Amino acid sequence: MRNTPQDPRYEHATVGLRRRDLDPDPIKQFSGWFTAAIEAELRDVNAMSLATVGQDGKPSVRIVLLKGFDQDGFVFFTNYESEKGKQLEANPRAALAFYWIELDRQIRVNGTVEKTSRQESARYFRSRPLGSQIAAWASRQSEVVDARRVLDARFAEMSERYANGPVPLPPHWGGYCLKPEMIEFWQGRPNRLHDRFRYTRQTNGSWLIHRLAP
């Protein structure tokens, strides 16, 4: 028999999302919601699911951290030789999802993905804690390792190598920018009649807004 998770059956917010409340620009709408989540002191407010698909057509999803956004798109950083890096190389399209349960809000983003410039990647890399910089050299992300001691040995080796100077940006590490073609805002409502609005980018750069059935 299939296991069934316990459903808390909590009631969703009574204050919904109306079309007249939406900004015509989805990036500005995202910024408003993101700021509200920060002001609500939510934990890991910039955590987002990242879905990619490789050459085999099989989807993969994992949590990454949003490190910046503007009119160009949503930026995150990773190892280019990781599973997601190889999948994005083969198929430079991806989807993001944010879920802030305390605010009854979800945001979905679909679009194309491009690497950030090396200058932008280096600037962010230098802002990371020293241990994280060294780990980017020590960990061959997504590769099979025999034991934890292998990782610890690599980390110790790299720590010694860069003990007397700045840690350079690894050639296999950097940023991606997801350029949105669709952004959906979801606001929870009672009786599962949630509010959903989808922005779709038009060929002239403007955005078309539709309300979706929940």
Side-chain angles (χ1 to χ4, degrees), residues 5 7-8 10 12-13 15-40 42-54 57-78 82-85 87-88 90-116 175-214:
D7 189 346
Y10 71 92
H12 291 273
V15 178
L17 182 62
R18 299 167 299 184
R19 180 156 187 152
R20 64 176 178 267
D21 297 327
L22 296 172
D23 194 290
D25 183 338
I27 302 301
K28 292 181 180 178
Q29 180 67 32
F30 176 86
S31 180
W33 275 25
F34 191 76
T35 299
I38 292 174
E39 291 175 347
L42 305 188
R43 181 179 177 183
D44 297 327
V45 67
N46 63 328
M48 59 187 185
S49 299
L50 167 67
T52 55
V53 177
K58 297 179 180 179
S60 296
V61 65
R62 75 288 289 162
I63 303 295
V64 298
L65 298 179
L66 176 69
K67 291 299 181 180
F69 67 91
D70 56 21
Q71 291 297 327
D72 289 331
F74 299 82
V75 175
F76 60 95
F77 294 86
T78 190
S82 65
E83 179 186 60
K84 56 184 170 298
Q87 289 179 335
L88 288 171
N91 180 7
R93 300 190 63 85
L96 306 174
F98 298 83
Y99 182 45
W100 302 314
I101 188 171
E102 297 88 345
L103 299 179
D104 260 339
R105 288 177 172 176
Q106 178 181 186
I107 303 173
R108 299 170 58 221
V109 186
N110 291 347
T112 58
V113 178
E114 298 178 357
K115 289 181 178 178
T116 61
Y176 287 104
C177 180
L178 187 148
K179 299 179 177 297
E181 297 174 352
M182 185 284 293
I183 305 180
E184 180 187 320
F185 295 86
W186 179 100
Q187 177 72 65
R189 292 294 298 275
N191 304 314
R192 305 294 180 182
L193 292 176
H194 312 304
D195 290 321
R196 294 174 62 192
F197 287 94
R198 180 181 63 200
Y199 292 72
T200 306
R201 188 189 292 275
Q202 304 301 290
T203 55
N204 64 1
S206 64
W207 293 91
L208 184 64
I209 305 175
H210 286 117
R211 176 184 277 274
L212 304 180

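Every value quoted in this text rests on a predicted model; they were computed, and no experiment measured them. Hydrogens, waters and symmetry mates play no part in the numbers below; they use all other heavy atoms, side chains included.
- Here the straight-line distance linking atom NZ of Lys84 with atom CG of Leu50 works out to 7.5 Å at 0.5 Å rounding.
- Side-chain atoms of Val45 and Arg43, non-hydrogen and from C-beta on, never get closer than 4.5 Å to each other.
- For Ala37 against Leu103, the heavy-atom pair with the smallest separation is CA-CD1, 3.7 Å.
- For Asn91, the side-chain contact (heavy atoms from CB on, under 4.5 Å) partners two or more places apart in sequence, or in a different chain, are Val53, Arg93.
- Looking at Glu181 and Asn110, their side chains never come closer than 4.5 Å, going by heavy atoms from C-beta outward.
- For the pair Gln87 (side chain) and Ser82 (backbone), a donor-acceptor distance under 3.5 Å is absent.
- Residues Pro92 and Tyr176 have side chains not in contact (no heavy-atom distance under 4.5 Å, counting atoms from C-beta outward).
- Taken from OG in Ser31 to CG in Asp25, the straight-line distance is 9.5 Å, to the nearest 0.5 Å.
- Closest non-hydrogen pair, Lys179 versus Asp72, comes out as CG-O, 3.3 Å.
- Side-chain N or O atoms of Gln29 include one that pairs as donor or acceptor with a backbone N or O of Asp23 at under 3.5 Å.
- In this structure, the salt bridge (Lys or Arg N to Asp or Glu O under 4.0 Å) partners of Arg196, at least two apart in sequence or on a different chain, are Glu184.
- Rounding to the nearest 0.5 angstrom, the gap separating the CG atom in Leu65 from the CG atom in Asn46 is 5.0 Å.
- Shown are Tyr199, Phe34, Phe197; of these, the ring pair (Phe, Tyr, Trp, His ring centres under 6.0 Å) with Phe185 is made only by Tyr199.
- Within the 4.5 Å cutoff, the side chain of Leu22 has heavy atoms near those of the Ile209 side chain.
- The two atoms that bring Arg105 and Ala36 nearest to each other are NH1-CB, 4.0 Å, heavy atoms only.
- Judged by distance alone, the side chain of Gln106 and the main-chain N or O of Asp104 form no donor-acceptor pair under 3.5 Å.
- Looking at heavy atoms from C-beta onward, Ile183 lies out of side-chain contact with Arg201 at the 4.5 angstrom threshold.
- Atom CG of Asp44 sits about 12.5 Å away from atom CG of Leu66, to the nearest 0.5 Å.
- Pro180 approaches Phe74 most closely through the heavy-atom pair CG-CE1, 4.0 Å.
- From Leu178, atom CG reaches atom OG1 of Thr112 across 6.5 Å, with rounding to the nearest 0.5 Å.
- Of all heavy-atom pairs spanning Gly73 and Cys177, the tightest one is CA-SG, 3.8 Å.
- Inter-residue side-chain proximity for Trp33 and Phe98 is flagged as unmet; no heavy-atom pair is nearer than 4.5 Å.
- At a threshold of 4.0 Å, the pair Asp195-Arg211 counts as salt-bridged, since one of the basic side-chain nitrogens sits closer than that to a carboxylate oxygen.
- Smallest separation of non-hydrogen atoms from Leu88 and Phe76: CD1-CZ, 4.2 Å.
- Using a 30° and 60° split on the angle between ring planes, His194 and Trp186 fall in the tilted class, from 30° to 60°.
- Taking NZ of Lys58 as the reference point, atom OG1 of Thr52 lies at 13.5 Å (rounded to 0.5 Å).
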